[in-house]
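Quick note on labels: first sequence line is chain A, next is B, and so on, each numbered from 1.
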Amino acid sequence: MDIEEELRIIKRNVVDILPGLEELRKRLQEARQQARPLKIKYGADPTAPDIHLGHTITLSKLREFQDLGHIVQFIIGDFTAMIGDPSGRNEVRKPLSEESIRKNASTYQEQIFKILDKKRTELHFNSEWFGKMSLKDTLKMASYYTVARVLERAEFKERFKKKQEISLLEFIYPLLQGYDSVMLGNDIEIGGTDQTFNLLVGRDLQRDYGKKEQIILTLPLLVGTDGIRKMSKSYGNYIGITELPLEIYGKTMSIPDELIFPYMELLTSISDEKINNMKKDVRDEKMNPKDAKAFLANEIVKRYHGISEAAKAGNEFDKIFKKRELPSEIPSRKYEKEKVWIIDVLVNEGLAKNKTEANRLISQGAVELDGKTITSPDFDILMDSEHVLKVGKRRFLKIKGE
RNA sequence: GGGGAGGUGCCCGAGCGGUUAAAGGGAACGGGCUGUAAACCCGUUAGCCGUAGUGCUUUCGAAGGUUCGAAUCCUUCUCUCCCCA
């Protein structure tokens, strides 16, 4: 493949290349001459084991590198997680136990290979080297960086100005992440735009340790389904790649309209041309945004569950929300009693979190039995035949007697 | 070490002796409408009582106290932030 073509693929969706495109081109050429693959580093934090669409932007980029013949160094920050990861919030995150880290890490491994090519992936844990590091080595590492440099980091600058707490550990954190690069000797490191500073530290440290400096690729952060904050499990605005097809489809259908095209660009392999055409059609009102969204939802489900599951999810969604019919599969539950109080059913089956909520749902007209709205909580379901209970628009349950 | 500010419901944040289960916003849930679980509008959001009341219990960092009555006042403890050294 032509090197320019390779660069074109690499550049797609990338926000920034540091120090610049030229360096990247040079590194590619160099690797070709030496007939070696490039090593691409990506660090993951084992605190949130469920991979969601936000992660897939970077993972897909890694996969592209693999398909171009390069090697991915996937590093799990098990050591740093053990001492607590302070990144992000204004609050220091609790350190994780060794056990939960191990569990999270293995979940990670299962999930990343839905996207990455196992044969072209090296897996590393940073406890491999940090576990053995002496205080002397640590201090040496710390000596390479200055307080002023660390304060350059946008987030620190902000918090420093607002006089919020910054722990010493947080200060060192970027160094730890950077030291991973020193140990791995990677050519490129990729991460979200929020990681820019940390990635740059890696570059600096590699130089300080006399290694070749990594080239940095930053990728956009994905806005979550709420349309406001970045996608994150802790904000509950995420779509996980291991979720059920209908869940993924439905959640995608619930994103604000403005997110339709950004999602298409970042999360699917739909061609730019096709995306632009759709954009235009929606703008000219030739296409209903809902249909563009349905197309997107289908693409996403297809990617993680295959084409037939995607079609099924789409039909199912229309059935429930457009035609207001019953879904084709409804969980069912047996009761041995002759009759059961509606409130008890709602609570027992997890359709309401307590009796107060069950009462509220009924008074709001959210509960239907066999298509009829239940108006009073003073109601028993007779277990003479099978009944279909519907709560809200999307929760269904079949109940029957023995 | 000295001084100051503060910890309120899922989150943010008002309240600073009764009318406070606690304003407002966010989020979630429900309803309406629709093009969808978009947007918009409306409602609900401590728990309990077979449904109902001017009902009962629990909640404002923790524990005590003052008072007919406290998230609001006092004491002690605890945690956080800021300033000075």
Inset, instruction - Please check if any side-chain donor atom of A:Glu189 sits under 3.5 Å from a side-chain acceptor atom of A:Gln73, or the reverse. - result: no
Legend entry - Side-chain donor-acceptor pair present, A:His52, A:Gln111, cut-off under 3.5 Å: no
Nearest-angstrom distance from the residue atom [atom1] of [X] to [atom2] of [N]:
X        : N      : atom1 : atom2 : result
A:Leu296 : B:rA38 : CG    : C1'   : 13 Å
A:Tyr263 : B:rU36 : OH    : C1'   : 15 Å
A:Tyr238 : B:rA37 : OH    : P     : 21 Å
A:Arg360 : B:rU44 : CZ    : P     : 10 Å
A:Ile362 : B:rC29 : CD1   : P     : 19 Å
A:Ile239 : B:rA38 : CD1   : C1'   : 13 Å
A:Lys393 : B:rU34 : NZ    : P     : 12 Å
A:Ile320 : B:rG35 : CD1   : P     : 19 Å

Inset, instruction - Give a yes or no on whether a salt bridge exists between A:Lys230 and A:Asp194, defined as a side-chain N under 4.0 angstrom from a carboxylate O. - result: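 Counted as a salt bridge, because a side-chain N and a carboxylate O are separated by less than 4.0 Å.
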Inset, instruction - Taking only Lys NZ, Arg NE, NH1 and NH2, and the carboxylate oxygens of Asp or Glu, determine whether A:Lys293 and A:Asp257 approach each other closer than 4.0 Å. - result: yes
Inset, instruction - Can you spot which of A:Asp272, A:Ile270, A:Ile300 makes a side chain to side chain contact (heavy atoms under 4.5 Å, CB included) with A:Met264? - result: A:Ile270
What distance, rounded to whole Å, do you find between the two [atom1] atoms, one in [N] and one in [M]?
N      : M      : atom1 : value
B:rA22 : B:rG32 : P     : 28 Å
B:rA71 : B:rA63 : P     : 13 Å
B:rU57 : B:rG61 : P     : 22 Å
B:rA14 : B:rA21 : C1'   : 16 Å
B:rU58 : B:rG13 : P     : 29 Å
B:rG18 : B:rA23 : P     : 16 Å
B:rU80 : B:rA46 : P     : 31 Å
B:rU72 : B:rU19 : C1'   : 15 Å

Inset, instruction - Please state whether the base of B:rG35 and the side chain of A:Asp291 form at least one donor-acceptor pair under 3.5 Å? - result: no
Inset, instruction - Answer yes or no: side-chain N or O of A:Gln364 and base N or O of B:rG43 forming a donor-acceptor pair under 3.5 Å. - result: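 Under the 3.5 Å cut-off, the side chain and the base do form a donor-acceptor pair.
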Inset, instruction - Could you tell me how the ring of A:Tyr179 sits relative to the ring of A:Tyr209: parallel (under 30°), tilted (30 to 60°) or perpendicular (over 60°)? - result: perpendicular
Which part of the nucleic acid, if any, lies within reach of [X] when heavy atoms closer than 4.0 Å are counted: base, sugar-phosphate only, or nothing?
X        : answer
A:Leu259 : nothing
A:Gly250 : base
A:Asp226 : nothing

Look at the side chain of [X] and decide which nucleotide, out of [options], has an atom nearest to it.
X        : options                : answer
A:Lys293 : B:rA37, B:rU51, B:rA38 : B:rA38
A:Asn359 : B:rU44, B:rU51, B:rG47 : B:rU51
A:Ser254 : B:rC48, B:rA37, B:rU51 : B:rA37
A:Asp378 : B:rC29, B:rG50, B:rU36 : B:rG50
A:Lys355 : B:rU51, B:rU36, B:rC48 : B:rC48
A:Pro377 : B:rG43, B:rC29, B:rU51 : B:rU51
A:Ile228 : B:rA27, B:rG47, B:rC29 : B:rA27
A:Pro256 : B:rA37, B:rG43, B:rA38 : B:rA38
A:Phe321 : B:rG50, B:rU36, B:rG47 : B:rU36
A:Asp257 : B:rG30, B:rG50, B:rG35 : B:rG35

Tell me whether the side-chain N/O atoms of [X] come closer than 4.0 Å to OP1 or OP2 in [N].
X        : N      : answer
A:Arg324 : B:rA37 : yes
A:Lys322 : B:rA37 : no
A:Lys290 : B:rU36 : yes
A:Arg395 : B:rG30 : yes

Inset, instruction - Hey, which sits more toward the 5' end of RNA chain B by its nearest nucleotide, A:Glu258 or A:Asn288? - result: A:Asn288
Legend entry - Residue closer to the 5' end of RNA chain B, A:Tyr249 versus A:Lys353 (nearest nucleotide):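 The answer here is A:Tyr249.
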Inset, instruction - Please assess A:Arg63 against A:Thr121 for the test side-chain hydrogen bond (donor to acceptor under 3.5 Å, both in side chains), listing each intermediate value before the final yes or no. - result: CA-CA 10 Å; A:Arg63 176 64 200 231; A:Thr121 306; over 6 Å; no
Under 3.5 Å for both donor-acceptor distances, Watson-Crick or wobble: does [N] have a partner, and if so which one?
N      : value
B:rU59 : none
B:rC81 : B:rG4
B:rC40 : B:rG32

Inset, instruction - Report the C-alpha distance between A:Gln177 and A:Asn198 in whole Å, list the side-chain angles of each, state the deciding distance to 0.1 Å, and finish with yes or no for side-chain hydrogen bond (donor to acceptor under 3.5 Å, both in side chains). - result: CA-CA 7 Å; A:Gln177 205 173 315; A:Asn198 292 350; 3.1 Å; yes
